[in-house]
Amino acid sequence: MSQDTADVNAAIQGELRLLDPAVRLSRAAAEALLDPEFVEVGASGRRWTYEEMLAALPELDGGEGGGPRFEPSGMTGVVLGPGLVHLTYECVIGGARSRRSSLWRRGEGEGSWRLYYHQGTPVPDADAEGAAARDA
């Protein structure tokens, strides 16, 4: 396995962990995956910082034990440079589809990948239906 493949796989594993309700409910688990300089631009346009995200994560979609779960698909990644991976994918939660983009960077220590930047953009219903027809 090439280093690029290993790096992309590490970022994908981290992204999938962040979608796990158990991780979203655990501040310690989320801290291990978010870069201290983390920023997110949410679907609403709101800018989230590291501290804001850690405080809100248990209450956001996908955090409730019995609530809707994230259903990611088509996750792919590319190495942009040493220690920097860009992931893109689509996600459905509670019937709402979004396109997502994440930048993961290697931190201090072996294999210490952390989410540096994330953005989610809602997919309008008409676009989602068109994508489903194209995929059929």
Side-chain angles (χ1 to χ4, degrees):
M1 174 184 316
S2 74
Q3 186 61 51
D4 283 1
T5 300
D7 290 350
V8 168
N9 287 342
I12 287 173
Q13 291 308 308
E15 190 82 22
L16 293 173
R17 287 194 62 218
L18 277 170
L19 297 176
D20 183 333
V23 171
R24 298 173 78 78
L25 292 171
S26 167
R27 183 176 177 102
E31 282 177 342
L33 292 167
L34 294 181
D35 190 277
E37 297 178 14
F38 169 82
V39 173
E40 175 172 331
V41 176
S44 68
R46 178 180 174 178
R47 182 182 185 275
W48 296 82
T49 65
Y50 174 79
E51 286 299 330
E52 291 169 335
M53 183 56 70
L54 287 174
L57 199 55
E59 305 300 321
L60 296 174
D61 288 343
E64 308 87 27
R69 295 190 61 140
F70 287 100
E71 300 172 34
S73 65
M75 194 174 294
T76 61
V78 61
V79 173
L80 298 177
L84 186 63
V85 171
H86 180 220
L87 298 180
T88 57
Y89 61 103
E90 288 198 10
C91 198
V92 175
I93 184 164
R97 179 177 297 279
S98 62
R99 292 195 177 103
R100 296 176 172 244
S101 177
S102 296
L103 291 176
W104 284 79
R105 71 178 179 179
R106 187 182 299 119
E108 299 294 322
E110 183 72 24
S112 177
W113 285 91
R114 292 179 175 223
L115 181 58
Y116 175 74
Y117 178 84
H118 182 76
Q119 184 165 356
T121 304
V123 176
D125 289 340
D127 195 15
E129 290 169 5
R134 285 190 302 272
D135 292 343

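Note that this is a predicted model, so its numbers are computed, not measured.
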Original post:
What distance separates I12 CD1 from R17 CZ, expressed to the nearest 0.5 Å?
Top reply: 15.0 Å

**OP:** Determine, using the 4.5 Å side-chain heavy-atom cutoff (strictly less than), whether L18 and V8 are members of one ILVMFWY cluster.
**Re:** yes

Original post:
Could you walk me through whether R27 and E51 pass the salt bridge (charged side-chain N to carboxylate O under 4.0 Å, His left out) check?
Top reply: CA-CA 10 Å; R27 183 176 177 102; E51 286 299 330; 2.9 Å; yes

Subject >> W104 reachable from F70 in the ILVMFWY side-chain graph, under 4.5 Å edges >> reply: yes

**OP:** Flag the pair T88 / R100 as yes when at least one side-chain heavy-atom distance between them is below 4.5 Å, and no otherwise.
**Re:** no

Subject >> Rounded distance (nearest 0.5 Å) linking atom CG of L115 with atom OH of Y50 >> reply: 11.5 Å

Original post:
Closest heavy-atom contact between L16 and P72?
Top reply: CD2-CG, 3.9 Å

Original post:
If you group Ile, Leu, Val, Met, Phe, Trp and Tyr by side-chain heavy-atom gaps below 4.5 Å, do V23 and M75 land in one group?
Top reply: yes

**OP:** Kindly give the heavy-atom pair with the smallest separation between A11 and L87, and that separation in Å.
**Re:** O-CD1, 3.5 Å

Subject >> Interatomic spacing from CG in L103 to OH in Y117 - rounded to 0.5 Å >> reply: 8.0 Å

Original post:
Which is it for E15 and S102 under the side chain to side chain donor-acceptor pair (under 3.5 Å) test, yes or no, and what are the steps along the way?
Top reply: CA-CA 8 Å; E15 190 82 22; S102 296; 2.9 Å; yes

Original post:
Counting only heavy atoms not in F38, do more than 12 sit closer than 6.0 Å to its CZ atom?
Top reply: yes

Subject >> Same apolar cluster: M53 and W113, side chain cutoff 4.5 Å >> reply: yes

Original post:
In Å and rounded to the nearest 0.5 Å, what is the NE2 to CG distance from H118 to L34?
Top reply: 10.5 Å

Original post:
Thinking salt bridges, do E40 and R46 make one under a 4.0 Å N-O criterion?
Top reply: no

Original post:
What is the minimum heavy-atom distance between G42 and W48, and which atoms define it?
Top reply: N-CD1, 4.2 Å

**OP:** Quick one: do S101 and H86 satisfy side chain to side chain donor-acceptor pair (under 3.5 Å)? Show the steps, please.
**Re:** CA-CA 7 Å; S101 177; H86 180 220; 2.6 Å; yes

Original post:
Under 4.5 Å between any side-chain heavy atoms of L19 and Y89, yes or no?
Top reply: yes

Original post:
Mind checking whether L84 and L33 sit in one hydrophobic cluster, side chains of I, L, V, M, F, W, Y counted as touching below 4.5 Å?
Top reply: no

**OP:** Could you grab the distance from atom CZ of R114 to atom CD of E31, nearest 0.5 Å is fine?
**Re:** 8.5 Å

**OP:** Just jot down the salt bridge (Lys or Arg N to Asp or Glu O under 4.0 Å) partners of E52, sequence neighbours excluded, or say none.
**Re:** none

**OP:** May I ask you to decide whether E90 forms a salt bridge with R97, counting only side-chain N to carboxylate O separations under 4.0 Å?
**Re:** yes

Subject >> Side chains of N9 and M1 in contact at under 4.5 Å (non-hydrogen atoms) >> reply: yes

Original post:
If you measure from OG on S98 to CD1 on I93, what distance do you get to the nearest 0.5 Å?
Top reply: 9.0 Å

Original post:
Can you find a side-chain donor-acceptor pair between D7 and Q3 that sits under 3.5 Å?
Top reply: yes

